[in-house]
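Here is the structure we will look at, set down as structure tokens.
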Amino acid sequence: MALKASDNPNLAHDFDDEDGPLTFKRYTSSKKKQLHSQLTKSTSPSSNGQPSSNHKGNTVPSAVGNSKASTSLANSNSPKPVLDQKIPIHIKGETKSIKHSTKDSEDEDHNKPFSARLKVNSNNDNKSTPVVVKKSYEDSNDDGAMPLSAKLFRNSNARASCGNYDDSDVKKPISKVQKERQNGSSASNKHEKPSTLLAKRPIDNSNSMHTSVKKLKVSDPAGSIKTEQVSMKCEPKVDDDDDGIPISQRIKKPLTSPDKSSSVNRKLTMSADKSSSMKNSLTKVTKVNKAGKTSFKKQPQKLKKSGKGSDYSKSTKLLPSSGDGQKKWTTLVHNGVIFPPPYQTHGVKILYKGKPVDLTPEQEEVATMYAVMRDTEYMQKDKFKENFWNDWRKLLGRNHVIHNLKDCDFTPIYDWYQSEKEKKKQMTTEEKKALKEEKMKQEEKYMWAIVDGVKEKVGNFRVEPPGLFRGRGEHPKMGKLKRRICPGDIVINIGKDAPIPECPILGERWKEIRHDNTVTWLAYWSDPINPKLFKYVFLAASSSLKGQSDKEKYEKARMLKDYIANIRAAYTKDFTNKDITKQQIAVATYLIDKLALRAGNEKDDDEADTVGCCTLKVENVTREAPNKLKFNFLGKDSIKYENTVEVELPVYNAILKFQKEKRPGDDLFDMLDTSKLNAHLKELMPGLTAKVFRTFNASITLDDMLNKGTKGGDVGENIVVYQKANKQVAIICNHQRSVSKSHSAQMLRLNEKIDGLKAVLKELKTDLDRAKKGKSPLKSSDGKAKRNLNPKALEKKISQTNAKIEKMQRDMKTKDDLKTVALGTSKINYLDPRITVAWCKRHEVPIEKIFNKSLLAKFSWAMDVDPDFRF
DNA sequence: CTCCGGACTTGCAAATACTTTG
DNA sequence: CAAAGTATTTGCAAGTCCGGAG
């Protein structure tokens, strides 16, 4: 039976419940120790503001249990559930969201290079990204020069003051306000049960080892395991003279319109915060600062008690940081990686100067890779062809009949490939299903790893197949052959006691076996295109290990909220610093804060030429008097960033100075690089780096927009509010997507539909007029007679049609607005899921409407956040 | 310091799965 | 039911940041 099951795709069900989206996972041993690490490693992200439940619980996960688990896995690829602690929660699978429909007219675009398209978009279309960023500032002319999140931030201040303080808070020394403000992460603990992790964990672990398949019911409170979190609060202290006046002014100004909804929430939040403060934990003092002026103190944070029940069942709680020095796991069992099948020759010949040419399988394989890319934009790029030719020529050998690429005709292979594709498409669903099952069966054993006794999904267990390198933008290496990876290229990382995965290719062996528990990768090989880089095999996003660090990331970003006022004050002051390095740091930090730019590491010549903040070139920034800066550069993935913003005058002048006497291609911030910048940031807040600003900006924007924008409408309306906020974040972060090939056609079609409805409308009106006069309706266009309706019915129909038309037009507009905006990236990487979950709870929006299955699994650690949680 | 190996997150697009529509 | 769309998943490239060696 077991065997049978494992062969069967259905078998997967066994796993299914286990890795269902909302699950309970065990706590990692390493997590328990973090206290220690926090104390030791002040800079570690996790170490700060992390919930920690350390005290007493140092129970070590017993190796015994783990080894047992591993054994079972090793001995039988049995899919048998190894994890017991995961609690499945029923989730409605359908995560549907909103859709837009439409079409429009701009087809030619897809033939252009991506960058070109973007350019077109941004130039012609005000709705598109770059410009939009600008839009975000429009609503607040008064503070156009204010950092992106400043406006939001002030709101949070406002919120804070609703609770216990009056507006004057804002004027209080920042440190005071901050001190009074509770640290957020505690909110999420509200729901937790008293039982602490510490106490529980060991038990759970052992359970997992011995009891194998028990699943806890979500609904069973007793069964659910809660974790407590303790977050620490940071209380930055600032030197009085350091307090930038400008900043405080900016912050004050804002209080303009506190949103009602937020004030209500605020109260809840505050009280939650209060209650939370009680158990505490560690106090840490970090001394920071330049000039020895500022010192930040951390305060203990507390656990929260769980409040009223939420509609969501509780799920996993992650432990605080992954401290323990460096230790990421105690036991690790997995089956290695799976290789792509060997090349199957097809024997289709290419033509050289019109004549068929014989190729060896190796030569044919590479020729096929090329042939198959005929319809891509790479074929228009000389660099791609050149690189391909250079690598392929090597395979062809010295005196091969083929002497140049130009005379090669790959059409036969291309056609063969197309027909193969067609064949596949024509297969019956049955056949397809069978094929899929077969594949599943082969891969199933590689899909899972057992980490500290808990079964976790592996992210990418498939070794990358050979192919032609598809670098983005103008990558110097595009088209190069990415050779096949063999076991001899692969380094495996696995627990000491775990069986070493059998090498799947006969007669070969792994390059190396390691037992390094300070890292999370299960395997890696070096990138054949750039041997300096590695390709890693990690656990999936839904794993506890990933969830852990995800949470730490958001906690760090939240911590920034407490420091941001001081940081702004500090850099504002330095806008005019005589020390040019400091001045550049100040301006760069300002840009990162205001525009959510990436840090901008240096790049090699053999990479696409893109920039981030520190690597901006003089030519990327154009001044527009009196105080605007126009940015235009290619950022990550060669995505164009185009944005014109108003900046504070000192910034404008500083840029002027940095540009002076430099050539267009020179570095704008010539005294700066990311390590200097980050080193500086770290002095301002422990663990602070440039990327934290992006997370911070994104999440606080979401939090703010949700709370301001939600008016208590129905679910549908609320979802629109969410999407709007999501879109705003995507715009801030410049998350773009290429316009789909069929976009214009879709818009066109929608227009036709609307026109059709309009025609109907007209006809209805005519009928109405006639009906009022007692005449029967005219015949419809197809000549048939229509039913004779009374005026009332006709009026109703008219208004219905009108509504339909309006809705369609709205949808169309939305669709067009979003055609170049990618919402997914921010959802996955930048928006603290607790904001979303808490908001959903508050407004009774089913979380499945916002998060799909993967997201639910990835964010399982955030599911039981307190409804009052605010970023 | 700087350089660079190393590890991990972020990001877009292609492939695939699933839904709606005609 | 196929075509048309949309949503989700997968693939893998491209960033960030850290820390150790020189």
Side-chain angles (χ1 to χ4, degrees), chain A residues 41 43-45 93-103 114 118 326 328 375-377 421 424-425 429 432 436 459-465 467 469-473 475 477-478 482 491 493 516 518-521 524 526-527 529-536 538-541 545-546 549-550 553 598-604 607-608 610-615 635-639 673-679 681-682 687-692 694-695 698 730 733-738 740-743 745-746 749-750 753 815 822-826 828-830 851-855:
Chain A
K41 251 190 125 177
T43 51
S44 132
E94 18 146 28
T95 310
K96 229 327 131 46
S97 13
I98 319 170
K99 31 186 71 172
H100 348 281
S101 31
T102 337
K103 80 196 349 152
F114 187 56
L118 293 173
Q326 301 296 319
K328 301 284 179 34
D375 298 329
T376 70
E377 285 177 5
K421 242 168 49 178
K424 229 180 233 165
K425 234 165 76 184
T429 25
K432 286 182 192 162
K436 222 173 100 186
N460 53 326
F461 49 87
R462 296 176 193 93
V463 170
E464 292 176 19
F469 178 68
R470 294 153 102 106
R472 296 162 189 264
H475 196 117
K477 294 191 171 184
M478 64 171 77
K482 195 170 70 161
V491 177
N493 189 36
D516 183 352
T518 67
V519 295
T520 66
W521 52 267
Y524 81 77
S526 67
D527 180 5
I529 293 296
N530 184 348
K532 286 186 298 220
L533 304 181
F534 307 113
K535 298 285 199 174
Y536 292 92
F538 290 117
L539 292 175
L545 225 44
K546 292 284 194 194
S549 61
D550 212 26
K553 171 182 76 185
R598 295 188 184 82
N601 282 310
E602 308 285 340
K603 298 189 76 183
D604 280 348
E607 296 177 273
T610 62
V611 304
C613 185
C614 293
T615 41
K636 182 178 179 180
D637 292 306
S638 294
I639 295 296
D673 63 38
T674 53
S675 66
K676 282 181 194 133
L677 178 66
N678 283 334
L681 293 177
K682 261 179 200 68
L688 185 61
T689 63
K691 82 194 265 277
V692 179
R694 290 193 112 216
T695 312
C733 293
N734 202 34
H735 289 145
Q736 301 193 8
R737 60 175 183 165
S738 49
S740 99
K741 286 179 188 141
S742 55
H743 180 82
Q746 288 168 22
R749 193 164 321 193
L750 279 183
K753 267 191 190 168
K815 180 171 182 145
L823 301 183
T825 306
S826 50
I828 295 172
N829 300 301
Y830 288 102
F851 289 157
N852 62 34
K853 209 172 119 202
S854 307
L855 256 16

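Chain letters run A, B, ... following the sequence lines, proteins first, then strands; residues in each count from 1.
- Using a 4.0 Å heavy-atom criterion, one finds that Lys436(A) contacts the sugar-phosphate atoms exclusively.
- Two residues, Arg694(A) and Thr520(A), neighbour DNA chain B, and the one matched to the more 5' nucleotide by heavy-atom proximity is Thr520(A).
- At the phosphate of dT16(C), OP1 or OP2 sits under 4.0 Å from a side-chain N or O atom of Asn601(A).
- Contact annotation: Lys691(A) side-chain N/O to dT10(B) OP1/OP2 distance is under 4.0 Å.
- Within the nucleic acid shown, Lys432(A) has no heavy atom closer than 4.0 Å to any nucleic acid atom.
- Among the protein residues, Lys753(A) comes within range of the sugar-phosphate backbone only, with heavy atoms under 4.0 Å from sugar or phosphate atoms but none that close to a base.
- Mapping Glu464(A) and Asn678(A) onto DNA chain C by nearest heavy atom places Glu464(A) closer to the 5' end of the strand.
- Nearer the 5' end of DNA chain C, as judged by each residue's closest nucleotide, is the contact made by Ile828(A), out of Ile828(A) and Gly635(A).
- Nucleic acid contact for Lys636(A): base, since at least one base atom lies under 4.0 Å from a heavy atom of the residue.
- Nucleic acid contact class of Gly824(A) (heavy atoms, under 4.0 Å, all strands): none.
- Whole-Å rounding puts the Lys741(A) NZ to dA4(C) P distance at 15 Å.
- Applying the 4.0 Å criterion to OP1 and OP2 of dC12(B), one finds that Thr825(A) has a side-chain N or O inside that range.
- In this structure, NE2 of His735(A) is placed 10 Å from C1' of dC12(B), rounded to the nearest angstrom.
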